[in-house]
Amino acid sequence: MGNKQTIFTPEQLDAYQVQNKLNGLFYRYRDLAPQLVPLDYTDKPDVTLPYELIGSMPELKDNPFRQRIAEVFSEDGDGNMTLDDFLDMFSVLSEMAPRDLKAYYAFKIYDFNNDDYICKSDLEKTVNKLTRNELTPEEVRLVCEKVIYEADLDNDGKLSLEDFQHMIIRAPDFLSTFHIRI
Amino acid sequence: LVENLASMSTRERIKAIQKMPETMKKKREIRNSLSEHFHQLWLWHKTLKIIGGEFGTSVLSYFIFLKWLLSFNIFSFLINFSFITVPQFIAAEPNNLSFTGLELLTGAGYFQQTVLYYGFYTNATISKTENGASYNMQLAYIFTVGIYFVICLLILLFSMAKSFCRNFINPQTYSGNASKLLCTWDFNVTNEKAVKLKQKNLSTQVKVQNPGDAKRCSNMTNGHPTIVPSRELTQQLSVQLLVLFLCRNIILKISIIGILCYYWLDIVAESKSQCWETLIGQDIYRLILVDFIFCLLGSFFGEFLRRIIGTTVCVSLGVPEFDIARNVLDLIYAQTLTWIGILFSPLLPGIQMISFFIVFYTKKVSLMKNCQPPRQVWRAAQMTTFFMFLLFFPSLIGVLSVIAVTVWRLKPSEECGPFRGLSSMFAAVSEWIKILENYTGSKWVVWIYNNLITSELFFFILSIIFLIITYLYWQIIEGRKTMVKLLRNQIVNVSSSFSFILFKIQDVHQKAETVGFAVPGRKVTWRGSRNHDEKTHHLKESSMPPYSYVSLCLYIT
């Protein structure tokens with residue numbers, strides 16, 4: 001990669017602590033909309049890709065939670081992501097992220113109404129997404145009650161971040177399943 | 001971000017801010033390392049992504065294990081080739097034997113006089129020019145093999161410990177079938193069909209785990225109710241079957257290798273035949289070749305033919321699933337054989353490398369064409385830790401014992417190999433130390449050898465120290481376990497007593513409004529009872545409140 005132009009200024013490199021190899025992810029971002037994303041990031045352009053483009057990536061397009069993932073990592077909460085958000089998303093979903101960071105973001109993804117608690121309605125939406133709406137409302141209700149019964153430690157009827165993290169400890173596969181390869 | 005923070009309550013804001021710098025810093029660090037790794041893992045990166053996308057993390061763990069074992073072989077081949085084989089080429093004797101194609105199968109004949117086997121290597125000190133730098137083949141051979149095994153041991157030890165640390169879970173606390181829903185969605189799966197299949201599996205699991213539905217009774221054939229085992233029961237059965245299968249397979253393979261090693265070390269080595277190390281090398285070559293052929297055949301019959309049968313002749317069987325346990329155990333067996341063979345045939349890791357490459361592509365093609373994604377839950381993280389442990393404990397430790405016996409106890413053959421004429425292979429090192437004693441500059445090497453490596457007292461003291469450290473760590477773990485239990489009880493107690501007090505205050509206040517004075521001793525319906533494990537504090541529903549709480553509430557009111 002000899003004579004390609006620099007994409008980031010040295011200050012930006014310092015701030016992001018990245019090296020030139022980050023360009024792999026950058027090119028993936030750019031490939032989504034080449035006409036919107038400039039090749040030169042030295043003047044910090046304010047570029048945001050709309051959710052439809054992000055959700056059409058092959059790694060995300062069949063994931064039932066793709067909308068929530070994009071919303072959680074985007075700055076405006078609507079799923080429209082800047083390069084920064086994009087990099088954050090894939091670094092948290094990589095295999096190097098520590099368990100508590102992943103648990104924190106998984107909690108935010110399952111928290112549909114963004115109230116810092118996974119309440120019954122959040123759980124119902126999650127279960128419906130996980131089973132593609134094939135369960136009857138009665139079964140969904142039963143499952144949600146079971147989950148809250150098992151996981152709610154402080155007994156307030158909803159799952160806080162601590163309850164969720166406690167549940168994660170009992171699922172050793174979480175680190176390898178909450179992972180997207182790019 | 002600032003607007004978000006401003007809109008939260010103070011307590012939440014403090015929490016959010018506490019979390020933020022860590023998460024930001026961690027995110028930056030991860031981004032940095034991620035970009036580096038992005039290029040390092042490029043070998044088969046796309047293939048692994050496709051496999052993970054269609055079949056999920058469990059099947060992917062087999063291929064990652066295969067790739068990891070391949071790296072051991074590549075490393076061994078490189079150092080053996082550079083340090084042992086290349087110098088041998090310089091001092092090679094001509095090969096008078098003829099080559100027929102049969103030698104590829106038997107490993108004997110033409111190959112006997114090549115660098116493939118121990119017997120061909122010279123015991124001389126090779127030097128290109130007179131008085132130039134010399135290369136002692138004996139020391140090179142024994143040190144290369146020795147250092148390789150030490151490095152292998154350390155790598156395996158650290159990987160196993162790291163994996164154990166991340167993934168170990170106390171089997172008692174693994175409860176909560178429903179909570180599994182939230183934690184086990186496989187984000188790796190990117191193929192549309194696979195996602196739909198997973199969702200269908202999950203909904204089936206949920207349906208069958210909820211008793212009391214009419215669905216159970218609908219399993220009536222010919223008017224007679226059939227007893228359908230619940231999904232939990234079938235899962236328990238399948239776990240037990242898996243354990244049984246693993247035990248049987250492992251014991252079989254350990255016995256095979258054990259008997260073979262006994263045969264080689266006790267009978268072949270003492271048989272006074274011309275070049276017993278080369279004979280053992282040939283045996284291992286043939287074993288590895290046959291194992292490779294049967295691995296391919298197993299794939300052919302187990303997956304390809306089974307799919308044909310399952311889709312045309314006997315449709316109820318269905319398409320096969322990829323048998324992860326059997327394949328991983330085959331890999332471990334092949335790797336054990338290779339490790340044993342390194343001393344007798346230095347280029348064997350190269351052959352195994354080629355075989356692993358072919359196996360990878362064969363299994364991948366067979367998987368894509370013939371198998372369906374797994375239906376049962378396969379705890380990939382715990383199983384990978386278990387397989388790594390298997391690779392360490394019976395496999396590598398066994399190999400090290402075999403190598404140790406060979407190097408220390410057996411007499412090398414008289415007419416061939418780098419150690420011909422010595423009393424044992426290790427004698428090369430002791431002779432070298434004797435030579436070193438004459439040089440004042442290397443006295444420290446002699447001292448280390450005499451007092452640390454050959455001295456039994458040193459190893460005795462080292463073992464005592466390790467035992468003490470292990471015991472201390474074990475006690476610390478026990479103490480922490482008790483602490484965790486106590487803290488968990490405390491959480492439950494505090495939360496329940498706090499909520500109870502609030503409820504009681506509310507209740508008493510209401511009563512006070514309607515009646516005019518506080519009424520103690522009212523029955524409380526307590527929402528939910530909590531059973532985290534048998535020894536935890538257990539609150540029954542509608543129990544009488546303890547006297548202290550009542551008096552506290554009265555005081556507050």
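Naming: A, B, ... by sequence-line order, numbering from 1 per chain.
- Atoms OG and CH2, from B/Ser159 and B/Trp68 in turn, are 4.5 Å apart once rounded to the nearest 0.5 Å.
- Between the side chains of A/Thr177 and B/Thr57, no donor-acceptor pair of N or O atoms lies under 3.5 Å.
- Contact check on A/Lys120 versus A/Glu124 returns no salt bridge, with no Lys/Arg side-chain nitrogen under 4.0 Å from an Asp/Glu carboxylate oxygen.
- Of the listed residues (A/Thr126, A/Thr131, A/Ile180), the one with the most heavy-atom contacts under 4.5 Å to chain B is A/Thr131.
- Using a 4.5 Å cut-off between heavy atoms, B/Ile50 makes no contact with chain A at all.
- Contact of A/Leu60 with chain B is not made at all, since no heavy-atom distance falls under 4.5 Å.
- Interface remark: of the candidates B/Thr384, B/Leu48, B/Asn188, B/Thr190, B/Asn188 forms the most heavy-atom pairs closer than 4.5 Å to chain A.
- Among A/Pro64, A/Ala106, A/Pro58, the residue making the largest number of heavy-atom pairs under 4.5 Å with chain B is A/Pro64.
- Of the two parts of A/Ser176, the backbone and the side chain both hold a non-hydrogen atom closer than 4.5 Å to a non-hydrogen atom of chain B.
- Ring pair A/Phe178/B/Phe187 is perpendicular by interplanar angle, where above 60° counts as perpendicular and below 30° as parallel.
- Between A/Phe73 and A/Phe86, the ring centre distance reaches or exceeds 6.0 Å.
- Classified by interplanar angle (parallel below 30°, tilted 30° to 60°, perpendicular above 60°), the ring pair A/Phe164/A/Phe174 is perpendicular.
- The part of A/Leu175 that comes within reach of chain B is its side chain, from C-beta onward, which places non-hydrogen atoms under 4.5 angstrom from that chain.
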